[in-house]
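These values consider heavy atoms only, across backbone and side chains, with no hydrogens, waters or symmetry-generated copies. The residues of the chain are indexed from 1 along the displayed sequence.
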Amino acid sequence: MNCYLKKIRVFISVAVLMAAFFFWGNTVQAVVNYTDNNTEFAKRTKEQVAQKYSQGKNAGNTYEDGKQSTYYKVPASVSSPYYQGVVSDDTLDAMQGMTEFYRWLTGVDGLTQDCVPNESLQYQALDRNFEFNHVISQSSKPADMAQALWDQGFACNHNILAMGYTPQGSITGWMNEGYNLRNGSWDTYGHRYALIRPANVVQQFGFCGNISIGKYTQQSGHPYHEAFSAFPAAGYMPQGLVHANECGWHVDLNSTYLKVTNASGLRVTITNDRTGTGYSRSSAQGTLQFSNPSITFVQPEDAQSNRYYDNYTVQITGLVDVKTNSEATLTYHVKFFDETVYAQTYVAGVNPPGYNELVFYSGAVNDTYLKKAAAALGTYVDIVADSGHVETVCLLYKENI
């Protein structure tokens, strides 16, 4: 009997030790939680993001997005007589300015060299007006184009290509790729990565006819500032810069902090903070792809008129903390806002028309003239910015104000 009791005591002791070991082991291997708290993304204000956006959007003194006459130093021609054109320095500044903005927005260092005219890119852009493809065939040459001119742009010596955008607009177009919600198909993320990968610190651009073109030079030694980088960006994100139907979401991991050892174990959950609706993404569902260091996943499906108006929480599980080799999660927040309310912009028009220019000379700034001006102008004027934002200004004259 005593021997039997001893065996029971020994069994219980071993069980207790095993339980304690299991508990201690799990304590050591606790999940490491990464968040965007105290990151540069969380510290940004709407005003700061809008100011940076304004700097990028308004780069290029004479360039006007949408007005082709401002694009060139020497105009291009995509009909006989063909000519590749020379883009203006301000057009290149505008393209570089938006690139710099997206790099800053996603926590990446800026470019190390300014964009300059690139004749080879102009020739390549000219040829691709007739067949939109990185690699084009000889048969696509217009019959009335000189062979020598065609040959100068025939070779593929570029990285990114876009059709149907303005020069500056193509930068945002390249960022808005990845997954098409309309037909449920994946698209390339390569154009986006070409612009915002930390190593791609030298970039050149060209534009001809209807084609935007770009080329980057890879360099090393420019890591991410935080444990991750994302687009749409963590923190305040301009809603007008995300085309919800085409823009897949992605996260790039900083290999100093996070890694993936089992891609099939990755899970992404996107939650709409207002409605509570959650979207689960995984490779098994066909809604997530992993190519080190990038996790790309299908965007939320609750946009309105191709825009997001809510805030979202993104959580990624199945990660590994590099320092401890423990399981890790990443949680960050995307807060969409109307950038046109805060961004600096040009006045595109005034309604009612006829008051685009109103000048008061120094001798006319007195009560009598101001009363007359107020009576002529009416009570309200709508000022329309080139961003599309409309601001209503009250012009009612009041004495002693």
Side-chain angles (χ1 to χ4, degrees), residues 50-79 81-106 108-129 149 152-153 155-175 191-192 194-197 199-219 222 241 343-348 385-387:
Q51 181 184 24
K52 283 288 188 179
Y53 168 63
S54 298
Q55 292 174 357
K57 187 178 188 304
N58 298 322
N61 294 327
T62 62
Y63 173 85
E64 295 182 41
D65 204 28
K67 190 174 182 181
Q68 195 169 56
S69 62
T70 68
Y71 297 170
Y72 299 99
K73 185 183 299 182
V74 182
S77 174
V78 294
S79 60
Y82 298 95
Y83 185 65
Q84 72 278 3
V86 180
V87 291
S88 69
D89 292 337
D90 283 341
T91 294
L92 294 175
D93 288 345
M95 299 180 81
Q96 178 178 339
M98 283 304 290
T99 302
E100 297 277 23
F101 167 70
Y102 283 115
R103 291 177 73 88
W104 173 85
L105 188 67
T106 54
V108 176
D109 286 339
L111 304 177
T112 58
Q113 295 181 21
D114 289 335
C115 298
V116 296
N118 187 302
E119 190 175 48
S120 175
L121 290 180
Q122 289 301 118
Y123 285 125
Q124 293 177 69
L126 171 64
D127 280 6
R128 281 151 185 84
N129 277 276
L149 178 59
Q152 291 187 79
C156 179
N157 185 24
H158 61 272
N159 308 112
I160 52 180
L161 202 63
M163 171 182 279
Y165 292 94
T166 64
Q168 190 181 66
S170 63
I171 307 298
T172 295
W174 282 320
M175 293 295 295
H191 296 159
R192 180 189 301 178
L195 295 173
I196 62 173
R197 275 282 162 79
N200 301 343
V201 293
V202 178
Q203 309 223 13
Q204 300 299 335
F205 299 105
F207 183 85
C208 177
N210 200 29
I211 300 295
S212 299
I213 194 168
K215 180 181 180 181
Y216 65 87
T217 301
Q218 290 190 340
Q219 297 181 358
H222 297 270
L241 302 185
Q344 300 171 9
T345 186
Y346 294 105
V347 174
D386 66 349
S387 63

Would you give the length of the straight line joining atom [atom1] of [X] to atom [atom2] of [Y], rounded to the nearest 0.5 angstrom?
X: Asp114; Y: Gln204; atom1: CG; atom2: CD; result: 9.0 Å
X: Phe101; Y: Thr106; atom1: CZ; atom2: OG1; result: 9.5 Å
X: Tyr123; Y: Cys208; atom1: OH; atom2: SG; result: 11.0 Å

Do the side chain of [X] and the main chain of [Y] share a donor and acceptor less than 3.5 angstrom apart?
X: Arg128; Y: Gly153; answer: yes
X: Asn210; Y: Met163; answer: no
X: Glu100; Y: Gln55; answer: no
X: Arg192; Y: Gly173; answer: no
X: Gln203; Y: Leu195; answer: yes
X: Asp93; Y: Ala59; answer: no
X: Gln122; Y: Gln84; answer: yes
X: Gln96; Y: Cys115; answer: yes
X: Asn200; Y: Ile196; answer: no

I'd like to check [X] versus [Y] (side-chain heavy atoms, cut-off strictly below 4.5 Å). Are they in contact?
X: Asn157; Y: Ser120; value: yes
X: Ile171; Y: Phe205; value: yes
X: Lys52; Y: Leu105; value: no
X: Asp89; Y: Pro117; value: yes
X: Thr112; Y: Val202; value: yes
X: Tyr53; Y: Met98; value: yes
X: Val87; Y: Leu92; value: yes

(request) State, to 0.1 Å, how close Gly209 and Val78 come at their nearest heavy-atom pair, and which atoms those are. (result)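 Heavy-atom minimum between the residues: CA-CG1, 3.8 Å.
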(request) For Phe207, check ring pair (Phe, Tyr, Trp, His ring centres under 6.0 Å) against everything at least two apart and list the hits. (result)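 Here the qualifying residues are Tyr71.
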(request) Name all residues meeting the ring pair (Phe, Tyr, Trp, His ring centres under 6.0 Å) criterion together with Tyr216; count only those two or more places apart in sequence or in a different chain, and write none if there are none. (result)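 If we apply the ring pair (Phe, Tyr, Trp, His ring centres under 6.0 Å) test to Tyr216, skipping adjacent residues, there are no hits.
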(message) Given Ile211, which partner from the list Asp127, Asn129, Leu121 fulfils the side chain to side chain contact (heavy atoms under 4.5 Å, CB included) test?
(response)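 For Ile211, the side chain to side chain contact (heavy atoms under 4.5 Å, CB included) test succeeds with only one of Asp127, Asn129, Leu121, which is Asn129.
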(request) Could you list all the side-chain hydrogen bond (donor to acceptor under 3.5 Å, both in side chains) pairs where at least one residue sits in residues 158-175, not counting sequence neighbours? (result)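 The answer is Asp65-Thr166, Tyr102-Thr172, Gln124-His158, His134-His158, Ser170-Ser212.
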